[in-house]
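Reminder, nothing fancy here: chain letters follow the sequence lines and each chain counts from 1. Heavy-atom basis, side chains included; hydrogens, waters and symmetry copies ignored. Here the structure is a predicted model, which means the values were calculated and not measured.
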There are 2 protein chains.
Amino acid sequence: MASESVPITAVAELAGVSVATVSRVINNSKPVNAETREKVEAAVAQLGYRANAIGRILRKSETRMLLVLVPDFANPYYAEIVQGVESVTRDRGYHLLLADAPQRWERGATALDALHNRLADGVICLAHIDPESELHKEIAPLPWVACSEVMPGSKVPHVSIDHHQAAVDAVQYLLNRGHQRIALITAEEEFLWAQQRRQGYLDAMARAGIAVDPRWIQTARKADYADGHMAAGALLSLAALPTAVFAVSDTLAIGAIKAFRRAGRQVPQDIAVVGFDNLPLSEVFEPALTTVAQPMRELGAQATRLLLARLAGETPASLTLAHSLVVRESA
Amino acid sequence: MASESVPITAVAELAGVSVATVSRVINNSKPVNAETREKVEAAVAQLGYRANAIGRILRKSETRMLLVLVPDFANPYYAEIVQGVESVTRDRGYHLLLADAPQRWERGATALDALHNRLADGVICLAHIDPESELHKEIAPLPWVACSEVMPGSKVPHVSIDHHQAAVDAVQYLLNRGHQRIALITAEEEFLWAQQRRQGYLDAMARAGIAVDPRWIQTARKADYADGHMAAGALLSLAALPTAVFAVSDTLAIGAIKAFRRAGRQVPQDIAVVGFDNLPLSEVFEPALTTVAQPMRELGAQATRLLLARLAGETPASLTLAHSLVVRESA
DNA sequence: GTGAAAGCGCTAACAG
DNA sequence: CTGTTAGCGCTTTCAC
């Protein structure tokens, strides 16, 4: 009833028992006489008692909160991962603490405070962490797992897809359809995945015995539409236009397609385009995008299970989840 | 250095002072002798001491955490609002507790536990709350504010746009371009905004002296592409095709445009379409969508300020933020 | 099966 | 300016 905080002592008093007994009843931690239990339960109900989480946490020094470090909330890719995280935290009775992982990490007032201050039991990091950075030094000794972004050489448990193989699959698909002059539109490689996807492209081409013309490879600054547009422009200026493009993100792919069309080229007839990510948008865009899909929710869920296992004292192995090529109209 | 938790007593001991003095230094709460301060700071640095948030919270019974109830993380609309929330919580030194607000609220194990258990100081609710529901009974006595979803008749502080006026503006734009037979594609009206946008359409039409043919109004079950597609199909079967459509969401608008085009109609030449939301997608889609934009980030930020003010004992007034019509190609 | 009491880490009131 | 002490709300020995 009351919105006011009612402490366990009030319940004990009303029920005519000790606080220890109340605690036993609400936690089912030890056998309690049925009659006593009823008295306690009645008192709990009457007062609308809810155990204060803070008192409990202080005592047990376990917060049952997990911190999620997200590079960008508004990016649906991360949003879906968070959804996956949430699905398992909810089941396990954990709460989710969300923090923005800013590009430039300021010493001191960081999102990691929550963890340092023992507000959270562990961290799930979706952000890229430079091994040389302040952030890495801060986070290294903490119980954390990486999701989607894998740190090379780091021994931290992580879950992600095999970006290299996914790129190989995408390019192989193009190869199988008879393409030879396959271009790559990639992004600057601060993010490891960009690097890995690039290598996948290179390896698939090499395995097919195709010499890659360096001008087929366009590196965009970021990965938005405008960048894709520009990269496609560069491709368009080539004497022999590639017959297919693998873009390392759907946004890049869409920007490129727009450029091709503006130049009077048909997709996929004149030039086929494969993207990466399977954004909701890629289904609606015309032509609908052929693209590589990642299991985002699963990525988040597994990362969470990994962290929970780690917190439980286990030493779980990192996980690589399956990707899939979604074939639509653009290639 | 040590990742192990070091208590304030350890710092006091090392510095040769009392815990009270340590507390004063780290909180700057009372003047401390410069020399003493230095000793304490040295000890803090040496031990890598970080004040345990839980102890502090228990003592001050203020968690500096805010709970955000989100209907759907993966929906970019909510994601951007959360971004706005985060921007102010970060500035004010609050943490963000994120919870999914499920459609069907199960009694007991709810996301509101966090609040009942005093884990959070207040709630920002982005979800629709039926005044008759369990959830409403639960949340009513708590410190909360509504964001984007406004409860009719409820006295809870809220921030949102004027959906009615926004719809009037959209329809008026169409009217100004000479359209008369303007159709409405709306969604089932569990959400108040759908109802308000519908009324805006009706009022704008009435004010223009145009009798609305009931068949112009198509009500979709949900608000996804397929629904827009279906609604457009119904419109297409009319003897006199409307010359314009106002769709209460961009997804509906895009679904409709696809249907029109499939039927050989040009947008906007044969039929103009205005959407609502200004999703990222609406800019990329072809034709680029003319649509109503909401200031999502601002919505989140203001809601947070409202809550914070409320927690500070003030009684802030609800806010209505400005929307804007973004004119592109579809109308 | 139950109660008394200690103590998690911290801040603030009170003395000095 | 600094130290002593109480106590926030809870769980968990340890007795009985």
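- Regarding B:Glu38, its CD atom lies at a distance of 15 Å from the P atom of D:dC1, rounded to whole Å.
- The stretch residues 17-28 of chain A touches DNA chain C through A:Val17, A:Ser18, A:Ala20, A:Thr21, A:Arg24, each having a heavy atom under 4.0 angstrom from the strand.
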Show me, pair by pair, the donor-acceptor contacts under 3.5 angstrom made by side chains of residues 16-28 of chain B, not counting sequence neighbours?
residue: B:Ser18; atom: OG; partner: B:Ala20; partner atom: N; Å: 3.4
residue: B:Ser18; atom: OG; partner: B:Thr21; partner atom: N; Å: 3.4
residue: B:Ser18; atom: OG; partner: B:Thr21; partner atom: OG1; Å: 3.4
residue: B:Ser23; atom: OG; partner: B:Asn27; partner atom: ND2; Å: 3.3
residue: B:Asn27; atom: OD1; partner: B:Arg56; partner atom: NH2; Å: 3.3
residue: B:Asn27; atom: ND2; partner: B:Ser23; partner atom: O; Å: 3.0
residue: B:Asn28; atom: OD1; partner: B:Arg37; partner atom: NH2; Å: 3.4

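- Residues satisfying the side chain to side chain donor-acceptor pair (under 3.5 Å) criterion with B:Thr304, sequence neighbours excluded, are absent altogether.
- Checked against salt bridge (charged side-chain N to carboxylate O under 4.0 Å, His left out), A:Arg64 has the following partners two or more places apart in sequence or in another chain: A:Glu62.
- Annotation: salt bridge (charged side-chain N to carboxylate O under 4.0 Å, His left out) contacts of A:Arg90 (sequence neighbours excluded): A:Glu86, B:Asp100.
- B:Glu35 has its CD atom 9 Å from the P atom of D:dT2, to the nearest Å.
- Scored by the ring-ring contact (aromatic ring centres under 6.0 Å, His included) test, A:His158 finds no partners at all (sequence neighbours excluded).
- Note on A:Thr36: only backbone sugar-phosphate atoms sit closer than 4.0 angstrom, heavy atoms only; bases stay farther off.
- For the side chain to side chain contact (heavy atoms under 4.5 Å, CB included) test, no residue two or more places apart in sequence or in another chain qualifies with B:Pro76.
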Distances under 3.5 Å between protein N/O atoms and the N/O atoms of nucleotides 7-9 of chain D, please, pair by pair.
residue: D:dG7; atom: N2; partner: B:Arg59; partner atom: NH1; Å: 3.4
residue: D:dC8; atom: O2; partner: B:Arg59; partner atom: N; Å: 3.4
residue: D:dG9; atom: N2; partner: A:Gly55; partner atom: O; Å: 3.0

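- Note: NZ (A:Lys30) to P (D:dC10) measures 19 Å, nearest angstrom.
- The CD-P distance, from A:Glu62 to C:dG9, rounds to 15 Å in whole Å.
- With hydrogens and angles ignored, the 3.5 Å screen pairs a side-chain donor or acceptor of B:Thr63 with a backbone N or O of B:Leu119.
- Atom P of nucleotide C:dA4 and atom CD of A:Glu13 are separated by 13 Å, given to the nearest angstrom.
- Each of B:Thr9 and A:Arg37 was matched to the nucleotide of DNA chain C holding its nearest heavy atom; the match closer to the 5' end belongs to A:Arg37.
- Looking at residues two or more places apart in sequence or on another chain, you find a side chain to side chain contact (heavy atoms under 4.5 Å, CB included) between B:Ala309 and B:Glu314, B:Pro316.
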